[in-house]
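Here is the structure we will look at.
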Amino acid sequence: MLSRWLPLEKPLVEIEEQIEELKRLAVRENMDLSDKIARLEDRKRAAMQDIFQDLTPWEKVQMARHPKRPYALDYIGALCSEWVELRGDRAYGDDRAIVAGLGRFNGRAVAIIGNQKGRDTKERQERNFGQASPEGLRKAQRVMELAARYKRPVISFVDTPGAACTPEAEERGISEAIARNQLVMSQLPVPIVIVITGEGCSGGAIALAVGDRVMMLEHSYYSVIAPEACASILYRDPTKAEDSAEALKITAQDALRMNVIEEIVPEPLGGAHRNLGRMCLTLGEALDRALSELSALPPHELVERRYRRFRCLGAIEDYPPDVAAPQDTPGE
Amino acid sequence: MLSRWLPLEKPLVEIEEQIEELKRLAVRENMDLSDKIARLEDRKRAAMQDIFQDLTPWEKVQMARHPKRPYALDYIGALCSEWVELRGDRAYGDDRAIVAGLGRFNGRAVAIIGNQKGRDTKERQERNFGQASPEGLRKAQRVMELAARYKRPVISFVDTPGAACTPEAEERGISEAIARNQLVMSQLPVPIVIVITGEGCSGGAIALAVGDRVMMLEHSYYSVIAPEACASILYRDPTKAEDSAEALKITAQDALRMNVIEEIVPEPLGGAHRNLGRMCLTLGEALDRALSELSALPPHELVERRYRRFRCLGAIEDYPPDVAAPQDTPGE
Amino acid sequence: MRLDEIPDDLMTKCDGCGALLVTKSWLRDFKVCSRCGHHTRLPAHERIELLCDDGSFEEWEAHLAPRDPLGFPGYEGKRTAAQLKTHLKDSCVVGRARIEGRPVALGASDFAFMGGSMGSVFGEKITRLLERALHERIPAITVTSTGGARMQEGLMSLMQMAKTSAAVARLQAARVPFISVLSDPSTAGVQASFASLGDLIIAEPGALIGFTGARVIEQTMKIKLPKDFQSAEFQMAHGQLDMIVPRAKLRETLAQTLGLLLD
Amino acid sequence: MRLDEIPDDLMTKCDGCGALLVTKSWLRDFKVCSRCGHHTRLPAHERIELLCDDGSFEEWEAHLAPRDPLGFPGYEGKRTAAQLKTHLKDSCVVGRARIEGRPVALGASDFAFMGGSMGSVFGEKITRLLERALHERIPAITVTSTGGARMQEGLMSLMQMAKTSAAVARLQAARVPFISVLSDPSTAGVQASFASLGDLIIAEPGALIGFTGARVIEQTMKIKLPKDFQSAEFQMAHGQLDMIVPRAKLRETLAQTLGLLLD
Ligand SMILES: [Zn+2]
Ligand SMILES: [Zn+2]
């Protein structure tokens, strides 16, 4: 049972098991244990506060990779009243690591793209751990172009340890597919809202993350490189991932400070997987607000602002004279 | 030697061999055989007239497939002062059955696409006998879109027994690629001139043959289905290809009568392969005339006329009220 | 024959698995086998009835009839036989319909008419369908069941590929949706033109979809192809389809998808 | 050191085949081995000199210098060492040049500066290059030699991928050509952004081109990759390149191709 939980959740899970035990006992022996249970519930709340208020970057990475973490289809299922998944790149295959389709969210028809990880061993392999192959990115591109044609805004759920790391992905042009997606997204004449729900790692993430608003769930991470890979290079020791997670500044809080994202979406205490309903309520509100604001803009203005949004990002000694420096100097 | 010649060329080749023999003899024995040679030359001319003035449809098919028939790169080499071949579909592979690139023709920069057959056994296999795979058609599409971006007209050399007939072509969406090429060509905002130089067979041909002007070389053929395949279906006997070539009305003369093409480009007596220089002179003039005329039209007018060009084709009992019937009723 | 006139013990043999099915149930299942899921081919009018709101279909261009542009041996006779058999003038029926209240331009081909092949009339009708959809700004839906271009009209048939593809290009440029539904079989010249160009492409389970026939590939390449080669499921795995939808769900899927594209 | 100052007997060992080459000839061959064709990596300024008309290069944005947005361990020192070694402020040089008389916006990365990695300055310089090319309507050319995004600037580096890709999008929408030249190596974050988006993509023979490093794939997948994996020739076979052009022909190929696109 514990294998489905993180080490950092251990104290919590132990209290939860005690509560369960007491509840069973109360029923079996017909005893009133409500006092004891209430005290344990208090302890549980306190432990939760304690554990989750100040996660280290490496703990955030663990949370983002939590085996119970909700995935794109979980959010889609909870947020959308209708959903039609669209498959295939019309040229080579259908990559199950990427989902794409049309949905109805708060009455609004939207296109949705996203990484999809698998829950069990078999599905994980089928979904290639959420690592997109070129045909998956090209499917996403096709559905985004469909969205543009019929003026549907796009929501992108990012949750990937990176793009597919296979010889086949190289053979079919994973570089080109990542690059092309960014190019297409930078010009798409409809609102694009990005939500980094878990792992936002490397080229596989930015391939789905060029948009007007970028949000991160509280315990997700966003990084140019996986902490393990960074540790291999930096310390010649992949087990020093904890240190490189720290060094890379990959938390939502860091990304917000660097103007890389606009918004942190708070997770329920204990993380998104402990209360999907509540998570979706918060996320739904954030998405609705963003879509409403963005839908008010004419397409050319939207695209221009999106360009400026990314144009301003970078930590350099000299800002271009024709581009206003962001209010908080990035990277400080 | 004769295997590189068609049976119908046999009398011709025999006379040519006699001429060669006499010439060799004249040199060796220091004799004046010019009279004899002149008489043979006359006979040769007469034989040529006789053989080529009235080829049957099946003989035209043989001519179109002649192992010495010039291919796209032969025409490009002779017609263009510059040529840069562009490769790859940027997604899967580079199909050698299709050539695409940028060239300079009569001082004018153009994009050129075309089927390319191989000359020897090895090259034939490499080029898959000029039968395009999806990636070849997608390469052509990419280069046509590049041409449109930089306002270069497109010349398309069609010479194919059909699209690739392989499981891999099916797996990668040969139908989609043929369809998409037609869609893209129907909307391309630059002039497109098609030359059917040899075989213009089936979906593989129409995939490269949607344009403003369609020309056929005198001894090429254009057909919805290969005569052999038609015979298999019609007579349950592929050897009756001669009859089905007749029935299918596949000659340039038939195509012109049906308004499927605008122009027949005359070949030198004996066929394009007997005088590539002369063939290119005639073809070059026809291409230049067509490009000059088409370049005068504004892009939207060009595209509109192209639409109408194909829109009018069909043999039906009742013409649409909003479309003018062509002057010669098609198909009669 | 109306459903209530069919005796309860009348049986139909499934072409897929050979099971004997109660005809009445089989018809109620839209000619889909309840055992193996085999989808029997539908004539164009049954297909249209299945998809659109009761009585909403208004046929367009029913007067268009084929000619014999090449004087092709035997064409006249084959065509007349097909006309007598199907009571159609040619292999394609088009018109305006409503699907769950929404007006659409709907076309379907009929395999029983010379293999659902596309000659001039088929091409012209699809083109007019797409043009009217554009003019009225209503979505277009085609349901194909066809062996491809009609050999007997030669180049005239080949030209229909370019003509219909160009009409799709115009419709999509004008942002009017086009959904292509592929039923068994959808191959060759039709599959290599408008039918592969839908904004969305939906197939029925098990439908044969491809360009070159498997037998031709086997003979040419001297290979043996797997049993599911060119099935809808094969095409889905190779990225060519958006969805595979069983017949009973087709109408609601179309309605929902159009709603998501337009409302 | 000028070519005429090099003694005739000074030798250079080829990294490709190990042959000893007369340094003077090797330099005259643009650092390409006359035996095996091995293309030695060029520093940015040599690359620029090679490509453009004598003395025509006018550097842009030379004042831009990197910062340390994350306070990343060791970055400061590595950067300073690279600056001292290369006399560059960062890994990328951009400017205006002429190629056979035609004005172009030309950028090149320098592998000797932290593996030619793309951090904020690299991304900013490429973006400004593309923006100026657009503004002046002159073609843009980039020559990459890079290991990808610069880890030490974290997300700031990742954002340069989106930023440069968006700048290419604008340039192409405005119909100003962009040619991407890939020299050894061109990988990871740079290859997965602007470098893969050229109207035309040209590679030098033998250049390593890819996204994920072969060693990482081998370790992850527990497989052995062929020797030519991710070579320019491999990428050509897989449809990713327009041309492979040896260094000696690069300049005339660029001039000719631009002429065909523009004149
Ligand atoms: Zn059955
Ligand atoms: Zn060497």
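The structure presented is a predicted model; accordingly, all values stated were derived computationally and were not measured.
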Is chain D contacted by the side chain of [X], its backbone, both, or neither, given a heavy-atom distance below 4.5 Å?
X      : result
B:L146 : side chain
B:E135 : neither
B:R108 : neither
B:E145 : neither
B:R104 : both

Determine the option with the most heavy-atom pairs under 4.5 angstrom with chain B, choosing from [options].
options                        : answer
D:T257, D:T253, D:V176         : D:V176
D:D199, D:D263, D:I201, D:L200 : D:D199
D:L261, D:L262, D:D242         : D:D242

Who among B:R90, B:K139, B:R96, B:K151 has the most heavy-atom pairs with chain D under 4.5 Å? B:R90
Relative to chain D, which of B:A109, B:G88, B:G93 shows the most heavy atom pairs under 4.5 Å?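 Maximum pair count with chain D is reached by B:G93.
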Go through the side-chain N and O atoms of [X] and [Y] and say whether any donor and acceptor fall under 3.5 Å apart.
X      : Y      : result
D:S165 : D:S193 : no
D:Q235 : D:Q230 : no
D:Q191 : D:S196 : yes
B:Y71  : B:N115 : no
D:S117 : D:R150 : yes

Heavy atoms from other residues, nucleotides or ligands near CZ of B:R119 exceed 12 (cutoff 6.0 Å): yes
Can a cation-pi geometry be assigned to D:R128 and D:W60, taking NZ or CZ under 6.0 Å from the six-membered ring centre and within 45° of the ring axis?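 Here D:R128 fails the 6.0 Å and 45° test against D:W60.
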